[in-house]
Amino acid sequence: MQLQKAQIEMDYNFRAIEAKWRKFWQENKTYKTEIDNTKEKFYVLDMFPYPSGAGLHVGHPLGYIASDIYARYKKHKGFNVLHPMGYDAFGLPAEQYAIQTGQHPAITTAANLKRYREQLDQIGFSYDWDREVRTSDPNYYKWTQWIFLQLFHSYYNIELDKADDIKNLVALFEQEGNASAQAHGDQETLFTAAEWNAMSEKEQQSILMNYRLTYLSDSFVNWCPALGTVLANDEIKDGVSERGGHPVERKKMQQWSMRITAYAERLLSGLDKIDWTDAIKEIQRNWIGKSVGALVSFEIDQHAEKIDVFTTRPDTIFGVSFMVIAPEHELVNHITTAEQKDAIKAYQVKAAARSERERMADVKQVSGAFTGAYAKHPFSGELIPIWIGDYVLASYGTGAVMAVPSGDQRDWDFATKFEMPIPAVIEGQDVSEGADANKEGIICNSDFLNGLKVKDAIVKAIEAMEEKGIGKGKTNYRLRDAVFSRQRYWGEPIPIYYKDGMPMAMDESQLPLELPDVDKYLPTEDGEPPLARAENWKTAEGHPIETNTMPGWAGSSWYFARYLDPNNTGEFASQDALNYWQNVDLYMGGAEHATGHLLYARFWTKFLSDKGFLPFDEPFKKMINQGMITGNSKFVYSLVKSVKSSSTLNIPDNKNIPSIYIPFKAIQLRNKKNQSFIDDKITLSENETTYLNDLNLKIKVLEKVINEGLSNKFGKDLFEVKYSEFAIKSNVDVSIVTNDSLDIEAFKSSREEYANAEFILEDGKYICGSEIEKMSKSKFNVVNPDIIIESYGADTLRLFEMFLGPLEQSKPWDTDSIEGVHRFLRKFWRMFHDGENNFSLTDAEPTKDEQKILHKTIKKVEDDIERFSFNTVVSALMICVNELNDLKSNNKTILEQLVILITPYAPHIAEELWEKLGNQESVTLQAFPTFEPKYLVESSHKYPVSFNGKMRFMLELPLDLSKEEIEKTVMEHEESQKWLDGKTPKKVIIVPKKIVNIVV
RNA sequence: GCCCGGGUGGUGAAACUGGUAGACACGCAGGACUUAAAAUCCUGUGAUCAUUGCGAUCGUGCGGGUUCAAGUCCCGCCCCGGGUACCA
């Protein structure tokens, strides 16, 4: 350790260097950003972190490092780069902690933020910290609440295809009622102007709720009584809450919702103009779930009610041979005949016992029951049976389907099981083996649709339905309005109060509505949210204030805009700032937010753009999703032990009986040996057999020694320990394993029961097994960046995280291979120094070779950063340093450029060397080196010469040779003669500057 | 089931528009320096066969195909990761 420290101080002293430049950047505000109209802007943003108590592990900064490299690169390229960071500081973990400890979540959050900031600062990011935002700061959430009010005061005008002031809608109602209103909403009944004007304010307000973009309504939610809150679908795992594992029930509650459905079409079409991965776009498309078809009404025989179904294939209406409605459908009990009552009841009970998840996952089991009722076919008037079946879910669409067994596999399965007809409606259709979902073909057996192509038949069918008044063309979206209320404490209060039970918006001047103090962070006795505990939670006039708070996604739906002008008190951001900085050019983050944050942020952006508050309608132009860094878990294998004794009283405590650990290799061989019984191709080699025999012998010897030791300690022959063939695999902390070799002393002292462990060694080492798993505390495979920085420095960490592999792929962390990039940095450092670590460079004119190496690297680094291939840049820099080293080059002109080239990746060492080169200004502000093609001009090319596509030899040829001359030279070469073997080539392919291929 | 990724040495990976498969690293083996170690440097390292040398054959999940030439393009499968759902 002493020596190592001395070594560090001898040459590349990263600890001193990094501390020095961190201080310099902070003191000189090197990364402060301001509007500069002379420069083009570039906005690089990382997804908002939630500061958890556990701090950062090495997986977290992966994206931050990549975006920081890109931001720094863009700055070198002359852009005015905005690169801020802040925190999504409201959230459930802090609240859970508050419930347990009584400590205010603001205090825990502040402590976590401090820790995050310390960790982030160590890594050397170029964030402009003066722009930091925190969603839990009243100066921030004032504007979150303000946006809520804007939504409350707006409705969606279908004619203008954008959000509009609700006052305009009220004016229309006063003049014409709602019959002509082109407004997206849930209002089903019509009223005249006179009726509207005659309504009480309360009645009017309740109607307006059906139009407002944020509105109060009853909706089904996943209520978790133990947590006293509603959970999102993805917060529920296997029917219980993800956190704590408490039961969850479906419950109808009055909730604030966001009318995101009004934006369904624009959220869908907007995807075409943004540069995101196809995977994320596809997830959003599926989530929005647009389907075009028709809504058809089926009359029920002997009943007044009708059953509505939505279908994407109205052309197959004559292929309907039965109907299936969900077991929970509201009409089931009403229409079921007396004879069928018992069967239906029994089936309903059965279906209710299965979770929705189960019903969805299980495709193979077909089940259902007949109601005894019949529907009338809307065209033929034929009676068709109505069944219930659990493959139809009440919560989707209308909860009913018109079954077309010839065209839908599930309907086909159902028809086959219950022996119902499967009428073909497309010419030449074979439905004996299964349904045919093909959308090509000519319709038949379908009255007025006969002879039409599917596409035309769909149009014609809808026309006919509309004419007959039994259906209409409809576009259906799967997307549902987003529930916005949370029964939690640690979130933004909703700026609403209740006047005689009527929800009223607070005035903007009263914002921020600050989060009040409460005595406990739990729901009240009667199930009211925690805010109901606050004293005097009323307006000045005494009206009670809303007690729900906003969800986690509220603050993160617009934060990118606040960074543009974070300290503005008069508006969320000034028009100047918005017009200059615009939207995010590069957004870096995980793909897991595909249907949450990324959809809601797009929705709010479109709304704010509609209202003229934002000059753009998509928040994130380009997005890159970094992959997860997985952990590399290490395992040890202890033999199963058993103790034989005449009396249980004589057996010593288990921790006194040593475990025997066998190497990973032994486990592999034993597995292989067992397989050999099944597959006779697998046999152990002589060496392997010897190894195993040797191992068994060693175990026997150890067993004997252990038993003797125990006898001496606890008395003779009282008991005997036996070690079986079987081994137990257990996780061992990755920090005590180097190159799969276990630090046995550290292992023994880590726990009392390990203290007397025995190891079977190979070459004096115990080699562990390893497996790739998610990083988690329980697997002892979490690697903390602080430790890496302490032993190798932040520049090494930055380079290494990039060097691991392509950014977007998930990849395992392996601390051992970090040596490579660290060695590279030391090598780089030594290029600038002599043997005594004195800074020493030559001022000579660079040679042609040196220039070539440099410019090849400039081009490669630039091209690769532009296409976000961060890993290959590191290789390119390594190759450059290796090649310059081979030339024993220490040319100042060349190395000066190289320092700038490496700055985005390793800013600390770059600053230090830049300063030593005699510069005053920070290297981060220097222009990126210009690539000069003239240095790469070649006069010859080394051609690989292939015969029948197989490369046989290399041949260097001048570039100015014609194809004929190349062919002649190649054919005359003695190697060619050998491969031609006297034959005449059939064909010679010459691709200039690429290859020569001779076909024999 | 459907959609999106991915499958290349012992390991992480590279090969961007079809044109020398395995760059660059890790690890391993051998060597130099050293009293010794660390650090550093040099050499080798896909597999098999041949090794005295020249080398030869095979090889990018599997099976076909297109092409002078396929990790890359096409068809059909298998496996792994992620998303999503009886969306009618």
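Just so it is clear: chains get the letters A, B, ... in the order the sequence lines come, proteins before strands, and each one is counted from 1.
With sequence neighbours excluded, the residues forming a salt bridge (Lys or Arg N to Asp or Glu O under 4.0 Å) with A:K860 are A:D864, listed by chain and number. The ring pair (Phe, Tyr, Trp, His ring centres under 6.0 Å) test applied to A:F418 returns A:W387, A:F414, not counting sequence neighbours. Every residue meeting the salt bridge (Lys or Arg N to Asp or Glu O under 4.0 Å) condition with A:D863, not counting sequence neighbours, appears here in chain and number order: A:K859. Contacts of A:N882 classified as side-chain hydrogen bond (donor to acceptor under 3.5 Å, both in side chains), with partners at least two apart in sequence or in another chain: A:K827. Partners of A:E265 under the salt bridge (Lys or Arg N to Asp or Glu O under 4.0 Å) rule, at least two apart in sequence or in another chain, are A:K290. Contacts of A:E956 classified as salt bridge (Lys or Arg N to Asp or Glu O under 4.0 Å), with partners at least two apart in sequence or in another chain: none. With sequence neighbours left out, A:T630 forms a side-chain hydrogen bond (donor to acceptor under 3.5 Å, both in side chains) with no residue at all.
Regarding A:F947, its CZ atom lies at a distance of 14 Å from the C1' atom of B:rU20, rounded to whole Å. If you measure from atom NZ of A:K993 to atom C1' of B:rU20, you get 16 Å, rounded to the nearest angstrom. Spacing between atom CD of A:E808 and atom P of B:rA13 amounts to 14 Å, rounded to whole angstrom units. The distance between atom CH2 of A:W387 and atom P of B:rA88, rounded to the nearest whole Å, is 24 Å. Atom OH of A:Y477 and atom P of B:rU84 are 21 Å apart (whole Å). The separation between A:L599 atom CG and B:rU84 atom P is 13 Å, rounded to whole Å. Summarising the geometry, the separation between NZ on A:K859 and P on B:rC16 is reported as 14 Å, rounded to the nearest angstrom. Atom CH2 of A:W287 is separated from atom C1' of B:rC2 by 16 Å (rounded to the nearest Å).
For A:F318 and A:H377, the ring centers are positioned less than 6.0 Å apart.
Closest to the side chain of A:E282, from the set B:rU20, B:rC3, B:rA14, is B:rC3. You'll find that the side chain of A:K860 is closest to B:rC16, out of B:rA13, B:rA15, B:rC16.
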Q. For A:K811 and A:L62, what are the C-alpha separation, side-chain angles and deciding distance, and is it a side-chain contact (heavy atoms from CB on, under 4.5 Å)?
A. CA-CA 11 Å; A:K811 50 210 167 257; A:L62 181 72; 3.8 Å; yes
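In this model, the phosphate group of B:rA85 is approached by a side-chain N or O of A:R478 to a distance below 4.0 Å at OP1 or OP2. Dashed line: the shortest gap from a side-chain N or O of A:S291 to OP1 or OP2 of B:rA88 is under 4.0 Å. OP1 or OP2 of B:rA14 has at least one side-chain nitrogen or oxygen of A:N871 nearer than 4.0 Å. Phosphate proximity of B:rC41 to A:R830: present, with a side-chain N or O under 4.0 Å from OP1 or OP2.
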Q) Going 5' to 3' along nucleotides 24-32 of chain B, which nucleotides have protein heavy atoms under 4.0 Å from the base (write B), which only from the sugar-phosphate (write S), and which from neither (write -)? A) BSSS-----
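A donor-acceptor contact closer than 3.5 angstrom links the side chains of A:W829 and A:N837. Between the side chains of A:T261 and A:D481, at least one donor N or O lies within less than 3.5 Å of an accepting N or O. Side-chain atoms of A:Y347 and A:S367 form a donor-acceptor pair, as typed in the model, at a separation below 3.5 Å.
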Tabulate atom names and distances for all N/O pairs under 3.5 angstrom spanning the protein and nucleotides 56-60 of chain B.
{"unit_1": "B:rU57", "atom_1": "OP2", "unit_2": "A:R952", "atom_2": "NH1", "d": "3.2"}
{"unit_1": "B:rC58", "atom_1": "OP2", "unit_2": "A:K950", "atom_2": "NZ", "d": "3.3"}

Close N/O contacts between protein and nucleotides 47-49 of chain B (under 3.5 Å):
none

Anything under 3.5 Å between a protein N or O and an N or O of nucleotides 66-72 of chain B, put it in a table, one pair a line.
{"unit_1": "B:rC68", "atom_1": "O2'", "unit_2": "A:N997", "atom_2": "ND2", "d": "3.2"}
{"unit_1": "B:rC68", "atom_1": "O2", "unit_2": "A:N997", "atom_2": "ND2", "d": "2.7"}

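Take the nearest nucleotide of RNA chain B for A:V401 and for A:I283: the residue whose nucleotide is more 5' is A:I283.
In summary, A:K852 and A:E883 do not engage in a salt bridge, as defined by a charged side-chain N under 4.0 Å from a carboxylate O.
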Q) How would RNA chain B look in dot-bracket form, 5' to 3', counting Watson-Crick and G-U wobble pairs with both distances under 3.5 Å and writing | for bases paired to another strand? A) (((((((..(((......[....)))((((((.......))))))((((.....))))..(((((..]....))))))))))))....
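At a threshold of 4.0 angstrom between heavy atoms, the contacts of A:M954 include nucleobase atoms, whether or not backbone atoms are also involved. Using a 4.0 Å heavy-atom distance criterion, A:D863 is classed as making no nucleic acid contact.
Taking the O4'-C1'-N9-C4 or O4'-C1'-N1-C2 dihedral as appropriate, B:rG9 has a value within 90° of 0 and is therefore syn.
Comparing the same atom, C1', in B:rG31 and in B:rG12 gives a spacing of 27 Å after rounding to whole Å.
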